[in-house]
Structure formats: structure tokens, C-alpha cells
Amino acid sequence: MTQQESKLRLHRGVIWQKTAGTGLLYDRYRGTYLKLNSVGLLLVHALAEPTGQSVQDLAQLVSARYGIPLDQAQGDVGGFLHELRGNDVLEPLS
Amino acid sequence: MTTHPLVDRFQVLGQAMADALGTTGSDASPRFSRIAAEQLECFLPKLRGFSLEDILSAALTTKAEQLDVESHFGDPPITWFMGERFCIESYVWNDNSTNVHDHAFAGAWTTLVGQSLHRQYRFEADEKITPDFELGRLFLQNGERLVPGMVRQITPSDQFIHDLYHLDRPSITLIIRTCRLDHPLRGQRHYIGHEQHALALKTFDRPPMEILQRRLLKASLQDSEATFLHLFQALLEQEDFEVITRLAAKTGFLLSHKQLGDCLRLLENRWPLQGHYVSEALLHQRQLATMINLRHRRTDTQDRLLLGLLRCPSTREDLLEQVRTLAETEDPAAWIFQRFEQWAEEGELLQLTPTQREALRGILEGQPARNDEILDRFTLQNEPLLQVLGTP
């Protein structure tokens with residue numbers, strides 16, 4: 001499996017909540033919040049699955065949901081995952 | 001100095017206990033606890049009506065050998081009678097409380113002054129790491145309000161796990177207990193956590209090196225967050241799971257939420273499966289610390305009762321039922337909400353917006369949220385003080 005195909009999921013200490021059109025991510029371990037837009041909410045919902053998601057999976061999800069080219073979706077997903085990694089709320093699925 | 005009359009009464013109680021106990025039987029047997037309870041019940045009429053001042057004045061005139069005057073169990077602990085097999089002690093409680101714990105001794109205790117919330121628990125082990133350290137789940141068995149005149153027995157080991165949350169300031173308890181600090185089976189353990197994840201951990205009588213490590217961690221907090229994390233990381237590489245857990249438990253309450261989270265992530269990286277128990281238990285301990293800190297500023301008995309109930313492993317339904325019984329109210333949700341509102345108005349708790357206030361009332365009453373309340377509910381449910389309300 002290549003690095004790009006490796007799967008990620010939300011850390012088990014992280015919970016999220018859907019609100020009207022947006023969402024909120026809460027790191028219970030550190031007590032920190034992240035606000036989510038509708039794309040972020042879609043991705044977090046997928047990342048909360050115990051089986052995890054690859055970057056490719058997530059990009060296809062965004063591309064299909066919003067009708068945008070796959071390479072553009074990959075860029076959006078990469079940016080969002082970068083932010084989640086910066087907040088240390090993701091864990092690799094071994 | 002003339003001996004205070006109370007000292008003489010404790011001497012009489014001690015002699016009566018020694019006579020009743022005789023020279024046979026194991027100190028760890030139920031017989032010891034039963035006899036201690038009988039003696040306390042017998043002597044209760046002679047111990048009524050004393051104040052904190054009486055106790056403190058009398059303590060100045062006692063000549064009894066002090067069992068462990070440096071102990072933080074009681075503020076202070078006072079030994080009134082020291083026999084060969086047992087001693088009689090009283091503990092003064094102001095803002096301090098007990099953790100959930102079991103015992104390495106047998107005995108019985110009563111409340112002399114004030115009142116306390118007393119709860120018993122059951123621990124179910126999932127994994128034994130060492131004889132002094134187990135991972136498992138902690139269940140609340142029952143809760144009661146202890147007032148002067150009520151006597152309870154103490155059985156050694158994990159057959160009797162409890163905590164006391166003192167409602168009046170001060171409260172004073174009196175105990176007859178075996179003197180041995182170590183039960184032959186194992187030492188006293190603390191319990192941290194709740195119904196899903198809990199730790200049973202011996203925290204007393206640690207070796208000097210571990211005490212030094214703990215103090216080094218505390219000292220590093222005076223320097224910087226980075227220094228603390230470096231030190232913790234270095235310890236992770238050299239110590240085993242039990243020592244690291246104890247160090248985290250003993251220093252965790254000094255850390256900011258973010259610092260604690262950073263430590264727990266490091267710990268889980270080293271021990272992924274077992275570490276999760278530690279994380280959940282210490283996050284719960286952090287919630288309890290919020291209750292303890294707030295209690296320093298709330299002296300009203302009913303306020304303290306609510307704080308004591310909130311710190312218990314529980315659900316919203318359990319909480320409402322306990323409030324109904326222990327606060328003797330027909331409308332527990334209103335009783336709780338009234339206190340939250342008062343605390344908020346006095347700046348002690350959340351700075352509640354009107355929507356949050358309504359959301360909180362909705363949580364207490366178990367009503368589904370309106371759309372515009374969802375975010376506020378989420379925020380409220382993840383406040384340490386209110387986490388218990390998030391579980392229906």
C-alpha cells in the first residue's frame with residue numbers, strides 16, 4: 001500500500017457535532033474546538049468511520065457530492081487534512 | 001495542662017474496644033469491623049454535642065501516639081487512642097474530600113460533626129497489569145447522606161470501595177481501625193474513572209525515586225510547557241506502564257487541559273490499548289477537580305450536595321434520581337437548574353447566554369433540542385462540570 005493510499009481516521013478522543021449546515025469538532029483530550037464548514041463536516045463524518053478513509057476516498061467523496069473535478073477536490077481535501085493534522089486530531093489506521 | 005474531658009472519653013472507648021476484642025481473631029476479619037461498629041454505637045450518646053473547637057482544644061491535651069500526623073487524610077488527622085491492635089482517630093474535613101478508595105485496614109466510622117455524601121462502588125477488572133494496578137470499570141452501587149449517629153463498617157480490600165464528599169464545613173469523622181498500614185493481601189488502592197474506563201492503582205508508599213520523578217515533573221511546570229513534556233517523554237522511555245500512569249495521575253490535575261491532552265497522546269502512543277483506559281480515567285479525574293475547586297467557594301450544604309453528585313460516575317437519569325432522594329425534592333431538574341442559574345449569576349460557572357440557559361434546562365428535562373440550540377447543547381455537554389448531563 002502506498003503512503004497516499006494509507007488510511008486515516010479521527011482520533012478516538014475527538015467528537016463532532018452537526019449543526020445547521022455547519023459543525024464543530026471537539027478534542028476531549030485537550031479541550032479545543034474547530035469549526036467546520038459543510039465540506040469539513042462531510043469529511044469529518046467520513047473520517048469518523050472506524051475503518052478510516054484514504055485521501056483518495058475523501059477526494060472522490062467531495063468530487064461526487066459537489067460536482068467538482070477530482071484534482072480540485074484533492075487539493076481541498078489536502079488542505080483540510082493539513083489543518084486536522086496540525087491540530088493532532090487524526091490517527092493513522094494500522 | 002489539664003486533660004480535656006473528651007480525651008478521657010476516647011480512652012474509655014479505647015479500653016472498651018480492647019476488652020470486647022479480646023486477644024483472639026484476625027484483625028482483617030469481619031469480626032473486628034463488627035465489634036468496632038458496636039462500640040461506636042454504644043458510645044455515640046457520650047460523643048454528641050461537641051464542636052470543632054472542642055475537638056481541637058481536646059487534641060492539644062492528648063498524649064496518644066499519633067499514627068500519621070503528616071497524612072492528608074483529614075485536616076488534620078488526630079489519634080486519640082493507640083492500642084496494640086487498633087487506634088481511634090478523628091479527621092477534620094473542611095474543603096478536602098476523599099478519593100474513591102479501598103482499605104488496607106478494618107474498622108468502623110461515624111460522623112461526629114456535620115454531614116457527608118457517602119457512596120459505594122464496585123470495580124470490575126478487565127486486565128491486571130500488576131498486583132497493584134488493574135484496568136477495569138467502576139460502578140456506583142449506592143449513595144447516602146451520613147449524619148451524626150450513623151455508623152458504617154470498613155472491610156479490607158476491594159470488597160468495600162467508597163468515597164466521602166463532605167457537605168458541611170467542617171465535618172468531623174471518628175474511626176476505630178486496625179493499626180496495620182498494610183493488609184497482607186495488598187496495599188490500599190485508589191480508583192479513578194467511570195463505568196467504561198477505570199483504574200485501580202496503589203498510590204501510597206512509593207519508592208523515593210518515584211517520588212523524586214513526580215516532584216521533578218511538578219518543578220518542570222514552573223519552567224515551561226515544553227520542559228514538562230520533554231521530561232514526561234524521557235520518563236516514558238525509561239519507566240513501565242504502572243509508574244507512568246501513577247505519575248500522570250499525580251500530576252495531571254496540575255496541568256492545563258491542553259497539557260494533559262498532550263501527555264495522554266504520548267502515553268497512548270506508547271501503550272495504545274491500555275493507554276486509552278488511562279486517558280479516559282484521567283479526563284474524568286480532571287472533571288472531578290473542577291467540582292473540588294468550585295466547592296472551595298460554595299459553602300452552602302445543598303450546593304455542595306449537587307457538586308458531590310456531579311462528580312460521581314453517573315448519567316443524567318441517575319443524577320436526577322439521586323437528587324430526588326438525597327435533596328428530598330419532587331422536581332430534581334428544577335432544583336439543579338436553580339443552582340446552576342445562581343452559580344452563573346455569581347460568576348462561578350459558565351457565562352450562560354440565554355440560548356445556552358434554555359439548552360441547559362432542556363438537557364436537564366431530557367427534551368430534544370431545537371435546531372438553534374444544538375451548538376449550545378454541545379458546548380454545555382462538553383464543559384467538565386456538565387459532562388454528566390450529556391449521558392441520558
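Below, chains carry the letters A, B, ... as their sequence lines are ordered, and counting in each starts from 1.
The distance from the OG1 atom of A:T32 to the NZ atom of B:K258 is 8.0 Å, given to the nearest 0.5 Å. Going from atom CD of B:Q259 over to atom CZ of A:R30 covers 11.5 Å, rounded to the nearest 0.5 Å. The distance from atom CD of B:E280 to atom OH of A:Y29, rounded to the nearest 0.5 Å, is 5.0 Å. Taken to the nearest 0.5 Å, the NE2 atom of A:H11 stands 7.0 Å off from the OG atom of B:S279. Taken from CZ in A:R28 to CG in B:L283, the straight-line distance is 5.5 Å, to the nearest 0.5 Å.
With a 4.5 Å cut-off on non-hydrogen atoms, B:E268 touches chain A through its side chain but not through its backbone. Heavy-atom distances place the side chain of A:R12, and not its backbone, under 4.5 Å from chain B.
Within 6.0 Å of the NZ atom in B:K218, the count of heavy atoms belonging to other residues, nucleotides or ligands exceeds 12. In A:H45, the NE2 atom is not crowded: 12 or fewer heavy atoms of neighbouring residues, nucleotides or ligands sit closer than 6.0 Å.
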Side chain to side chain contact (heavy atoms under 4.5 Å, CB included) assessment of B:H257 paired with A:D27: CA-CA 10 Å; B:H257 199 154; A:D27 181 347; over 6 Å; no
